[in-house]
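See below for the structure under consideration.
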Amino acid sequence: MTSPDTVVPLLVFEAADCLMAIVASEVGHLEKGLREPFSREAGEKSPGSLFFDLDDYFSGAESDGPWLHWTRGTRGAWLRVRRVIDVVPVSLGGLTPMPAVLRGQTRTRAFLAAGLRNDEVFLLLDPGRLTA
Amino acid sequence: MDPEAILAAIEQQRDGEAEQPAEQERVSYLAFFLGEEVYGLPLEQLREVAHVTHLRRVPGAPHGVAGLVNLRGEILCALDVRAMLGLPAQASTEAPFIVALRGFGDPLGLIVDSIADIYSVTAGEIEAPPATWSAERAACFVGTVRVSAGLMGLIDLARVIRL
């Protein structure tokens, strides 16, 4: 059980001209400077492996940035971002739930909440809500 | 118009609501510009007005959502009222304003170009939207009022923001 005072380290990155973040402890691996996901071929052989270029997913333009491997329990996915920025500790109570107008949309439902890093708004992404 | 002055007017309007006699029908409206057109919202539906300094666009957001704004530590969902009213997009050289709304479940604000003034309007002064407006456009307004800044369209927030 988490309380609003719980502080969670978030990995902040840039993708689709936006600041986004995911829970840092769910990032198992980071691959830099590869044009193609190094394990795409291997991943495609194992059912359930997902690859999301977040630039492409949200704005239709492919990124050439690093890939992050996200895992939660038995689920996992490779996420391509434009660049990784920082890991910041964030209080859950300091996050703002996404407004209703964004919660029901196909793409934006992947965002759980918004927070602030140095006055800049970032979006907390739940990779488990990305749809292939 | 200064955002501080608008905030003072909003608070004054709120304080006055309790004291106002029932027969007093004057309602204060904040008038703002979208391009050269003037629009109005009742002060009682507003919380504050500020310059937009940190607007973060949300990828994949629907038409009408400009993004998220950091308003002194509070994150507001900024609505693009220009798009919601079907007005053409217009590049502005000046920083726009955000008009923070009250009475919605989520913290919401409207992005507007600039602030015109505050006008006190009686119900009798409100006229139907001009016949030249399309039915779709007219449906977004409770009416219009002729003020010094021009023909002010009184926005029907509940209808425009269908949440």
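All chains are named by letter (A, B, ...) in the order of the sequence lines, taking the proteins before the strands, and each is independently numbered beginning at 1.
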Is I115(B) reachable from L87(B) through a run of I, L, V, M, F, W or Y residues, each pair having side-chain heavy atoms under 4.5 Å apart? yes
Would you say V112(B) and L41(B) are hydrophobically clustered, going by side-chain heavy atoms of ILVMFWY under 4.5 Å? yes
The complete set of ring pair (Phe, Tyr, Trp, His ring centres under 6.0 Å) pairs with one or both residues in residues 84-132 of chain A, sequence neighbours excluded, reads F58(A)-F111(A)
If you tally heavy-atom pairs under 4.5 Å between each of L102(A), D119(A), T96(A) and chain B, the highest tally belongs to D119(A)
For C18(A) and R57(B) the tightest heavy-atom approach is SG-O, 3.5 Å
Interface check, chain B: of T108(A), V121(A), L123(A), L54(A), most non-hydrogen pairs under 4.5 Å belong to V121(A)
| said: Hydrophobic cluster membership, with links at side-chain heavy-atom distances under 4.5 Å among I/L/V/M/F/W/Y: are V8(A) and V12(A) in one? | reply: yes
If one checks every heavy atom of L19(A) against chain B at 4.5 Å, the contacting part turns out to be both
Inset, instruction - Kindly determine whether R103(A) and D106(B) satisfy side chain to side chain contact (heavy atoms under 4.5 Å, CB included), including the steps that lead there. - result: CA-CA 11 Å; R103(A) 283 199 297 271; D106(B) 294 311; 4.2 Å; yes
Among residues 135-144 of chain B, residues within the sub-4.5 Å heavy-atom range of chain A, in order of number, are none
- Query: Is the number of heavy atoms from other residues, nucleotides or ligands under 6.0 Å of R159(B) CZ greater than 12?
  - Reply: no
If two hydrophobic side chains count as joined below 4.5 Å and joins carry through other members, does V7(A) share a cluster with V87(A)? no
| In terms of hydrophobic clustering (I, L, V, M, F, W, Y; side-chain heavy atoms under 4.5 Å; direct or indirect links), are I75(B) and L55(B) co-clustered? | no
Using modelled atom types only, decide if a donor and an acceptor are shared between the side chain of N70(B) and the backbone of E120(A) within a distance under 3.5 Å.
no
One pair to check against side chain to side chain contact (heavy atoms under 4.5 Å, CB included): C77(B) and V101(A). What are the steps and the verdict? CA-CA 9 Å; C77(B) 181; V101(A) 68; 3.9 Å; yes
When the 4.5 angstrom heavy-atom criterion is applied to R109(A) and chain B, the contacting part is neither
For a 4.5 angstrom cut-off between non-hydrogen side-chain atoms, does D17(A) reach P59(B)? no
Looking only at heavy atoms, the pair that brings L68(B) and A114(A) closest together is CD1-CB, 3.7 Å
Given G105(B), P62(B), G67(B), the one with more heavy-atom pairs under 4.5 angstrom with chain A than any other is P62(B)
